[in-house]
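For the numbers below, each heavy atom of this structure counts, side chains included, while hydrogens, waters and symmetry mates do not. Since the model is a prediction, treat every value here as computed from it, not as a measurement.
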There are 2 protein chains.
Amino acid sequence: MTVDLVIFTVRDGELNILLIERGNEPFRGASALPGGYVRPGETLDQTALRELREETSLDGRELHLEQVRAYSDPDRDPRGRVITVAYLALGPDLPRPVAGTDARQAAWTPVAEVLEGRMILAFDHRTILRDALERARTQLEHTTVAARFCPEPFTVGELRRIYEVVWGFKLDPSNFRRKMTRAEAFLEPTGEQRFPEVGRPAALYRRGSARFLIPPLLRTGASRDEVV
Amino acid sequence: MTVDLVIFTVRDGELNILLIERGNEPFRGASALPGGYVRPGETLDQTALRELREETSLDGRELHLEQVRAYSDPDRDPRGRVITVAYLALGPDLPRPVAGTDARQAAWTPVAEVLEGRMILAFDHRTILRDALERARTQLEHTTVAARFCPEPFTVGELRRIYEVVWGFKLDPSNFRRKMTRAEAFLEPTGEQRFPEVGRPAALYRRGSARFLIPPLLRTGASRDEVV
DNA sequence: CGACTTTGAGTCAAGGTGACTCTTAGCTAG
DNA sequence: CTAGCTAAGAGTCACCTTGACTCAAAGTCG
């Protein structure tokens with residue numbers, strides 16, 4: 001029984017995932033999701049938090065952690081019967097990943113590189129990644145987790161870029177602003193401004209208390225092909 | 001490692017769940033979700049299908065089966081460490097449940113009775129039931145699974161009653177019809193009619209090919225307190 | 001100063017929704 | 001036969017959200 005982590009962050013305008021290089025067989029040398037065995041007396045949430053801390057030196061308070069689902073194909077691990085529960089983690093541009101204890105190299109990797117097939121993942125981790133990404137995209141529609149990607153304080157434009165990167169298509173800046181600022185308790189204005197290198201200064205916001213985005217911001221599919 | 005099933009159906013205008021009476025300690029005599037251990041070489045889905053067949057003599061082709069999540073509190077089972085994965089099953093008014101092999105009595109129970117506290121469930125099954133119900137309610141918003149509750153062919157009114165019973169409040173019949181009949185590939189007219197004991201005859205439909213309801217039918221919260 | 005970029009306000013038409021009325025088509029009681 | 005009941009199903013209307021769009025504001029850079 002293991003827990004695998006799909007840790008997303010946005011770096012350089014791209015969606016990135018934390019992958020480790022496997023030091024042992026099977027799939028030695030291939031990339032894989034960070035994860036590990038559930039210890040006796042540990043809940044799965046605790047396992048996920050512990051693995052997260054070991055891989056990124058972050059405690060879970062700063063980011064969103066959520067169970068995705070269990071994967072149980074008897075042949076998914078050639079060593080034997082291993083059922084794994086996948087967790088989705090979202091966070092702001094995270095500090096450099098820490099090398100794991102068992103000589104594993106951890107690195108941020110653009111999700112596009114993985115899904116376009118230019119990189120092979122161990123086990124069924126490619127399927128897990130796909131499911132977790134879909135979950136993240138749906139979460140952005142109905143909840144306020146997108147703000148968990150943004151280091152506080154943040155601008156509406158930064159928040160919009162999160163949506164664009166995770167969803168994979170561009171959004172109208174004006175309509176997005178209208179939607180977000182009208183949503184109850186999503187954005188809490190600080191009153192401050194940020195002066196970027198280029199463009200008009202932007203108002204700064206903090207995360208509000210709302211956990212759900214009502215009404216939701218649905219991907220209509222109309223502009224879904226406009227890839228960023 | 002076990003799988004527990006939350007099997008919902010609609011009987012007599014109420015949402016019902018299949019519960020078994022435990023024949024062994026712990027919680028002997030109390031009600032519990034049907035479920036059982038995962039066998040070697042079995043996926044969780046296969047375990048869920050097998051348990052379903054054992055409890056209801058139904059194969060999974062006729063109903064919707066879906067993983068909810070894993071429950072892993074080390075103290076959730078006094079006998080020791082048991083992690084369980086909950087599955088949600090939705091189906092039309094099912095045949096009488098079959099008594100389990102190990103002298104367990106299976107019975108349909110109104111969900112309201114359980115959630116109002118008039119009945120105690122073993123282990124953390126009350127929590128699992130709550131989570132599964134919330135999942136079912138959300139599924140009704142975005143997918144076409146509600147039709148899985150209805151024996152074919154069915155009327156729009158029957159489909160609406162499913163929504164009302166699962167959501168717990170009344171819907172406007174006219175608006176509901178408009179919404180459902182406009183949704184692409186949700187309802188497939190058979191051309192036939194049903195002549196009820198009272199009221200105007202209703203057109204009959206079959207389940208269409210669509211799996212998602214676009215746009216979704218969201219619980220707005222406006223009329224959410226109108227309990228049926 | 002003018003070109004450029006991004007923020008942020010505002011406009012407008014199209015479509016969806018909730019509340020509502022009204023007709024249709026069966027039944028049953030008188 | 002008719003009045004009254006129930007539920008199906010069509011239609012109306014006001015309101016709101018949304019997508020597409022224009023335009024002004026406020027900074028930087030050449």
**OP:** Please determine if Arg160(A) and Glu164(A) form a salt bridge, counting it only when a charged side-chain N lies under 4.0 Å from a carboxylate O.
**Re:** yes
Original post:
When you measure from the side chain of Arg178(A), which nucleotide among dT18(D), dC21(D), dT6(C) comes out closest?
Top reply: dT18(D)
Subject >> For atom CG of Leu171(B) and atom P of dC20(C), their distance in whole Å >> reply: 15 Å
**OP:** Would you mind reading off the distance between Arg219(A) atom CZ and dG19(D) atom C1', rounded to a whole angstrom?
**Re:** 18 Å
Subject >> Under-3.5 Å donor-acceptor pair between Arg182(B) side chain and dG15(C) base >> reply: no
Original post:
Has Lys179(A) got a side-chain N or O lying under 4.0 Å from the OP1 or OP2 atom of dT18(D)?
Top reply: yes
**OP:** Please confirm whether any donor atom in the side chain of Arg177(B) sits under 3.5 Å from an acceptor in the base of dG11(D), or the reverse.
**Re:** no
Original post:
Over how many whole Å does the gap from Asn175(B) atom CG to dC13(D) atom P extend?
Top reply: 15 Å
**OP:** May I ask you to say whether Arg135(B) pairs ionically with Glu66(B), meaning some side-chain N is under 4.0 Å from a carboxylate O?
**Re:** yes
**OP:** Measure from CD on Glu164(B) to C1' on dA7(D) and round the result to the nearest Å.
**Re:** 12 Å
Subject >> Minimum-distance nucleotide (side-chain atoms of Asp172(A) versus dC21(D), dG8(C), dG9(D)) >> reply: dC21(D)
Subject >> Out of dG26(C), dC21(D), dA8(D), whichever nucleotide has its closest atom nearest the side chain of Ala202(B) >> reply: dA8(D)
Original post:
So does Arg200(B) get a side-chain nitrogen or oxygen closer than 4.0 Å to the phosphate oxygens (OP1/OP2) of dA10(D)?
Top reply: no
**OP:** Go through dG27(D), dG16(C), dC21(D) for me and flag the one nearest to the Pro215(B) side chain.
**Re:** dG16(C)
Original post:
What's the spacing between Leu19(B) CG and Gln105(B) CD if we round to 0.5 Å?
Top reply: 12.5 Å
**OP:** Could you tell me the separation between the CD1 atom of Ile214(B) and the P atom of dG15(C), rounded to a whole number of Å?
**Re:** 18 Å
Original post:
Between Tyr163(A) and Arg161(A), is there a cation-pi geometry (under 6.0 Å to ring centre, at most 45° from the normal)?
Top reply: no
Subject >> Base of dG10(C) paired with side chain of Ser174(A) (donor-acceptor, under 3.5 Å) >> reply: yes
Original post:
In terms of side-chain geometry, is the basic nitrogen of Arg137(A) or Glu141(A) positioned less than 4.0 Å from the acidic oxygen of its partner?
Top reply: no
Original post:
Arg161(A) near the nucleic acid: base, sugar-phosphate alone, or nothing, with a heavy-atom cut-off under 4.0 Å?
Top reply: sugar-phosphate
Original post:
Rounding to a whole Å, what distance do you find between Gln193(A):CD and dA26(D):P?
Top reply: 9 Å
Subject >> Given DNA chain C, 5'-ward residue of the pair Gly199(A) and Val198(B), judged by closest heavy atom >> reply: Gly199(A)
Original post:
Within the structure, does a side-chain N or O atom of Arg160(B) lie under 4.0 Å from either OP1 or OP2 of dA8(D)?
Top reply: yes
Original post:
In whole angstrom, what separates Phe154(A)'s CZ from dT7(C)'s C1'?
Top reply: 16 Å
Subject >> Interatomic distance, Phe195(A) CZ vs dC29(D) C1' [rounded to whole Å] >> reply: 18 Å
